[in-house]
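Start at 1 and go down the list; that is how both ligands and their atoms are numbered.
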Amino acid sequence: MKTILITGAAGFIGHALAKRLLEQGRRVVGLDNLNDYYDPQLKRDRLAELTVNPLFSHVNFDMADRARMAELFTEYSFDGVVNLAAQAGVRYSLINPHSYVDTNLVGFVNILEGCRHGGVKHLVYASSSSVYGANTKMPFSVHDNVDHPVSLYAASKKANELMAHTYSHLFNIPTTGLRFFTVYGPWGRPDMALFLFTRAMIAGEPINIFNHGNMERDFTYIDDIVEGVVRVIDHVPEPNPNWQGDSPDPGTSYCPWRVFNIGNNNKEKLMRYVEVLENCLGIEAKKNFLPMQDGDVPATYANVDDLIREVGFKPQTTIEEGVQRFVDWYRAYYRI
Ligand SMILES: NC(=O)c1ccc[n+]([C@@H]2O[C@H](COP(=O)([O-])OP(=O)(O)OC[C@H]3O[C@@H](n4cnc5c(N)ncnc54)[C@H](O)[C@@H]3O)[C@@H](O)[C@H]2O)c1
């Protein structure tokens, strides 16, 4: 896997992954349209860290542009593709549903077609813990059924897994979907809790705590996500010879298709996460307790047995270490 296309390379996870692949001496083409879902300056600053490396090229257009996407796959010969570009965010999918269809569905078909015609050896794509939707059996396992999403965002991610399956079946394209669990860390996303809380606490403003604080998340540090993705890229899925249509395993297939959870395998209470942040910042948060938000789920918790077995990796970083690194980055980046 020498030449890799990363979509969403100016995003939180894409930037960290691109950096790592460049350090390994791989050639990376980063597609990102730098849209303004959140501060594009943060995306430009992430990108600036990548463009200094001659092994990196940035291409700037919308993944939903079918003709331009087809051209990209003729311009370059990609060994691997990591699709991270998406309209992310659960709550925003109630406000602007069409943007999820444009990028996560239309854009994703363009990726699949590119892989089909471009002879790509492995497509890795971001799914999400949100596909577990209304499931309450913990920890969440890839071998559980995930047919009950509670937001359009989650449905679009589940749709990606299904769409990928058809391409693995029809065209024998190896595909791996990665269900990331609440990712946090330096260069993080301004629409996510840690960023929102930090900004508000420094400004002396209250933080919004949903479901009256009764939330649990499997918070996963960015470096652990990157390590998992890097290992998966080189681990091309093979058909599961034991898969049977009369008792179909949702996590594997008779064709080269897999899904993995990448989570810390640790269920943390949201109030503990806030406490750790308070300690790192040395500021006590003013807390605004609110009811549960539509589209959200009260708890997530990843079973990572398959990841450990197949790629020999389990995320390790504690929230005490990870939140401290985020706070250090935040202070340096915003010169506080
Ligand atoms: N961060 C998390 O906690 C988390 C959890 C589960 C899943 N995911 C998934 O992981 C992936 C990466 O997430 P992230 O947190 O880095 O998000 P991000 O929003 O920081 O990164 C996505 C990048 O894709 C780009 N992009 C979006 N639509 C595009 C389009 N139509 N054409 C070209 N570029 C486009 C954006 O400009 C952005 O830079 C996403 O697919 C997301 O759904 C993230």
Which residue owns the protein heavy atom closest to [atom], what's the atom, and how far is it?
{"atom": "atom 12 (C) of ligand 1", "answer": "Leu84 O, 3.3 Å"}
{"atom": "atom 1 (N) of ligand 1", "answer": "Arg189 NH1, 3.3 Å"}
{"atom": "atom 37 (O) of ligand 1", "answer": "Asp32 OD1, 2.7 Å"}
{"atom": "atom 13 (O) of ligand 1", "answer": "Ile13 CD1, 3.9 Å"}
{"atom": "atom 21 (O) of ligand 1", "answer": "Gly11 CA, 3.3 Å"}

For the atom pair CD1 (Ile111) and CG (Asn83), what is the distance rounded to the nearest 0.5 Å?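 Ile111 atom CD1 to Asn83 atom CG measures 4.5 Å (nearest 0.5 Å).
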
With rounding to the nearest 0.5 Å, note down the distance linking CE in Met63 to CG in Leu31.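 Reported to 0.5 Å precision, the distance equals 7.5 Å.
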
Which word best sums up how the rings of Tyr92 and Tyr37 line up, parallel for under 30°, tilted for 30 to 60°, or perpendicular for over 60°?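 Correct class here is tilted.
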
N/O of [X] under 3.5 Å from N/O of ligand 1, yes or no?
{"X": "Lys43", "result": "yes"}
{"X": "Asn33", "result": "yes"}
{"X": "Arg46", "result": "no"}
{"X": "Phe180", "result": "no"}
{"X": "Phe181", "result": "no"}
{"X": "Gly8", "result": "no"}
{"X": "Ala85", "result": "no"}

Closer than 4.0 angstrom: is that true for some heavy atom of His15 and an atom of ligand 1?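 Distance cut 4.0 Å: His15 fails for ligand 1.
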
Is it the case that over 12 heavy atoms from other parts of the model lie below 6.0 angstrom from the CD atom of Gln24?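 It does: Gln24 CD has more than 12 such atoms within range.
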
For Glu320, look at atom CD and say whether over 12 heavy atoms of other residues, nucleotides or ligands are found less than 6.0 Å away.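 Above 12, so yes.
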
May I ask you to check whether [X] and [Y] place their ring centers less than 6.0 Å from one another?
{"X": "Trp257", "Y": "Tyr167", "result": "no"}
{"X": "Tyr184", "Y": "Phe326", "result": "no"}
{"X": "Phe181", "Y": "Tyr301", "result": "no"}
{"X": "Tyr330", "Y": "Phe195", "result": "yes"}
{"X": "Tyr254", "Y": "His169", "result": "yes"}

Applying a heavy-atom cut-off of 4.0 Å, say which part of [X] lies close to ligand 1: side chain, backbone, both or neither.
{"X": "Arg179", "value": "neither"}
{"X": "Leu34", "value": "backbone"}
{"X": "Met63", "value": "both"}
{"X": "Lys157", "value": "side chain"}

Can we say Arg66 and Glu113 salt-bridge, meaning some charged N sits less than 4.0 Å from an Asp/Glu carboxylate O?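 Looking at Glu113 together with Arg66, the answer is no, because their closest N to O distance does not fall below 4.0 Å.
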
Before accepting this row, confirm whether a basic side-chain N of the pair Lys269/Glu275 lies closer than 4.0 Å to the acidic partner's carboxylate O.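 No salt bridge links Lys269 with Glu275.
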
Option passing side-chain contact (heavy atoms from CB on, under 4.5 Å) with Leu22 (candidates Val52, Leu17, Val28):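 That would be Val28.
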
Which option out of [options] puts a heavy atom nearest to [atom]?
{"atom": "atom 8 (N) of ligand 1", "options": "Tyr37, Phe61, Tyr153, Phe219", "value": "Tyr153"}
{"atom": "atom 3 (O) of ligand 1", "options": "Ile222, Val183, Leu194", "value": "Val183"}
{"atom": "atom 7 (C) of ligand 1", "options": "Ser156, Ala16, Ala126, Ser127", "value": "Ser127"}

Run the numbers for me: atoms of ligand 1, each under 4.0 Å from some heavy atom of [X], listed by number.
{"X": "Tyr38", "result": "18 (P), 19 (O), 20 (O)"}
{"X": "Ala10", "result": "39 (O)"}
{"X": "Thr182", "result": "3 (O)"}

Before you tell me yes or no, could you show the steps for Phe219 and Asn264 under side-chain contact (heavy atoms from CB on, under 4.5 Å), namely the whole-Å CA-CA distance, both residues' side-chain angles and the distance that decides it to 0.1 Å? CA-CA 6 Å; Phe219 295 105; Asn264 209 39; over 6 Å; no

